[in-house]
Number of protein chains: 2
Amino acid sequence: MKRPTLAVVAARAGVSKSSVSRVINGETTVAPEIRDVVMQAVRELGYVPNAAARNLVTRRTDAVAVVVSDPPKGVVSDDPLFSTVVRTVSRELEAVGRRVVLMLAESDESRARVERYVAGGHVDGVMLVALHGADPLPAALARMGLPVASFNRTAATDVPYVALDNAGGAELAVRHLLDRGRRRIATITGPLDLYESRERLEGYRATLRDTGRRSIVALGDFTRMSGAEAMRQLLEDDPDLDAVFAANDLMAIGALRTLHQAGRRVPDDVAVVGFDDIEAAAYTTPALTSVRSSMADQATATVRLLLALIKGGPRKPVIMPNDLVVRESS
Amino acid sequence: MKRPTLAVVAARAGVSKSSVSRVINGETTVAPEIRDVVMQAVRELGYVPNAAARNLVTRRTDAVAVVVSDPPKGVVSDDPLFSTVVRTVSRELEAVGRRVVLMLAESDESRARVERYVAGGHVDGVMLVALHGADPLPAALARMGLPVASFNRTAATDVPYVALDNAGGAELAVRHLLDRGRRRIATITGPLDLYESRERLEGYRATLRDTGRRSIVALGDFTRMSGAEAMRQLLEDDPDLDAVFAANDLMAIGALRTLHQAGRRVPDDVAVVGFDDIEAAAYTTPALTSVRSSMADQATATVRLLLALIKGGPRKPVIMPNDLVVRESS
DNA sequence: CACCCCTCAGGGAGCGCTCCCTCACCCTTC
DNA sequence: GAAGGGTGAGGGAGCGCTCCCTGAGGGGTG
């Protein structure tokens, strides 16, 4: 079952290859009757251009690599970030007619594979989701000269990114807890090699400092399990705490479980606020108050940034605002 | 910044293009010293083969399309299925050196795009996740003669698939509830155009029938919200029910919320069992009993099936077993 | 020693497409 | 009516690679 080529279509239509090519590529300098006869032949033969041949000569690929760089322990099998981001990005890119090549970079080996692939010129640009601060990949990709846009801020300062107002979001959360009359407000941080985590922590610290209160900090890594563990730690260290700000919802969910197991009532004994406002936040018991940051919007913004870069636009970061969604947990 | 070609490498190494090609492709009929000098040149020049040129002549693409066909309402932004499946599949395919082209089919337009793309011979095979029973895509793809493997059973009978023992899983859940002394056991179904849903419902019905009990059924669509809604319905229709089997965990989570809001204690008043054992199931309040079905294993099996098909293997379905994970909710 | 076979390197056609260049033709203008 | 310009079709080179074919050379055999 051999697919027809340009030449076959041309023969069928009784015109030259060049004309068929022009019609296929929507050039305007084609007489209507030629256009029609070519389209007719295309339809009859079910002709589809061979992309390999095309981009061999044009050097364009119309493809974008979406690279999710996440250490192996990030085996959060149902991490909502992955789902939301990949899905949104895919939708957005397909809408502008670009192919999405998904690549996971979970190890040195797969990172090398990504570099090789990108260096191979198989894509017009790279959208990067690098969830680990010490990740060498952003810098490596930036060095290749290909357009790269990152979903989050990375250590590679020359990679344009989209970011949230993390400190502002944390402040929103903490002020809300203070307004509710909470006095001993702890936090569970994300992995501190990530800007997101550091900024959220800094926002928390600064807000408490401004009101003359001390910080109570436990380290997490953005997973449910780490949230549960950190909450246990906090209860042990400071049994009198009356509120927790978790740097993401997944950890807040883990914290809720620990609090439940420890017999603390939420929000009566301990108020909980998360960050991200994922879908699941509305379905916890009690429903979770959270800083809304629309990962989908952030993902869309990143795609727009990348497309702009590919067109030769300026390499400047984008900052997204966020707000607070108050539910039962606080 | 032009990338070096085979010819350049050949010139540098002082050998023919053919020899370089042989080395690059790991053919064994090459003298070691030639191999070495070629590898040296490749390294020095940073040569990466041009995939377009290569697959123009070989007709292989080393790429696989992963098509997620999901109606627009499936905008479950953090659906764990998507995340788990896409991630696992990607990992598995990259391990065997294949590129993953991710495509969403959410509308007629995008479905047409997928068909056109696949027809264009850009991929060696298609892994399909078609979450809608009436989806015309599986049949359309099957018609193209390209290897297609589906993550779930579809209406297109000629598409090889991987499936769970859905009826068996449902029976496991219902028997467990009966063993716990529950007598009025309701179910929340998935969308009934899906085999999964129908089989789980049938397993539930058959088990109750065997023990002389009647079915209490509410319809859901696999989303949290539909689970919450269905649970409301059930409480209204049959206030005395003492157990619910939800056809997936997301709906079980929704049901938990409704039960909480309605003041029913779980499991004291109403026991709840879900299906899938997603990560979140362990973090609900109370933690959710669920039929474990490892979507990851199912995804892996589908990839294996697809790779086998590409190699010319037999087109036969694979059935996966499942078991029950008992937690606090039952 | 002659012959044959086998191994392995090089030459070159050709994959399907784009795009530059040429050229035919028609319309305009003097 | 001849010349010039503009429009649009066709010819063909060439993108970078693979793979078939040719042929050189070495070793084994009778």
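We name chains A, B, ... by the order of the sequence lines, and we start the count at 1 in each one.
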Exercise for the section: Give a yes or no on whether E109(A) atom CD has more than 12 heavy-atom contacts from other residues, nucleotides or ligands under 6.0 Å away. Expected result: no

Exercise for the section: Verify the neighbour count for atom CZ of R113(A): are there more than 12 heavy atoms of other residues, nucleotides or ligands below 6.0 Å? Expected result: yes

Problem - Residue I34(B), side-chain atoms from C-beta onward, closest of dG11(D), dC15(C), dA9(C) - result: dA9(C)

Completion exercise
Closest to the 5' end of DNA chain C, once R59(B) and T28(B) are matched to their nearest nucleotides, is T28(B)

Exercise for the section: Salt-bridge test for R54(A) and D62(A): reply yes if a basic N is under 4.0 Å from a carboxylate O, no otherwise. Expected result: no

Problem - Bend angle of the helix from dC1(C)-dG30(D) to dC30(C)-dG1(D), from helix axes over five pairs at each end, nearest 10° - result: 50°

Tell me, which pairs form a salt bridge (Lys or Arg N to Asp or Glu O under 4.0 Å) where one or both residues lie in [range], sequence neighbours left out?
range                       : value
residues 38-52 of chain B   : R12(B)-E44(B)
residues 145-164 of chain A : R153(A)-E199(A)
residues 14-26 of chain A   : none

Practice task
Mark up nucleotides 17-26 of chain C, 5' to 3', with B wherever a protein heavy atom is under 4.0 angstrom from a base atom, S wherever such an atom reaches only the sugar-phosphate, and - elsewhere.
Solution key: BBB-------

Exercise for the section: Answer yes if the side chains of T61(A) and D124(A) hold a donor-acceptor pair under 3.5 Å, and no otherwise. Expected result: yes

Problem - Contact under 4.0 Å: S19(B) side-chain N or O vs dG10(C) OP1/OP2 - result: yes

Practice task
Could you tell me which residues satisfy ring pair (Phe, Tyr, Trp, His ring centres under 6.0 Å) with Y117(A), sequence neighbours excluded, listed by chain and number?
Solution key: H122(A)

Exercise for the section: Nearest whole angstrom, please: distance from the P of dG16(C) to the CG of N55(A). Expected result: 15 Å

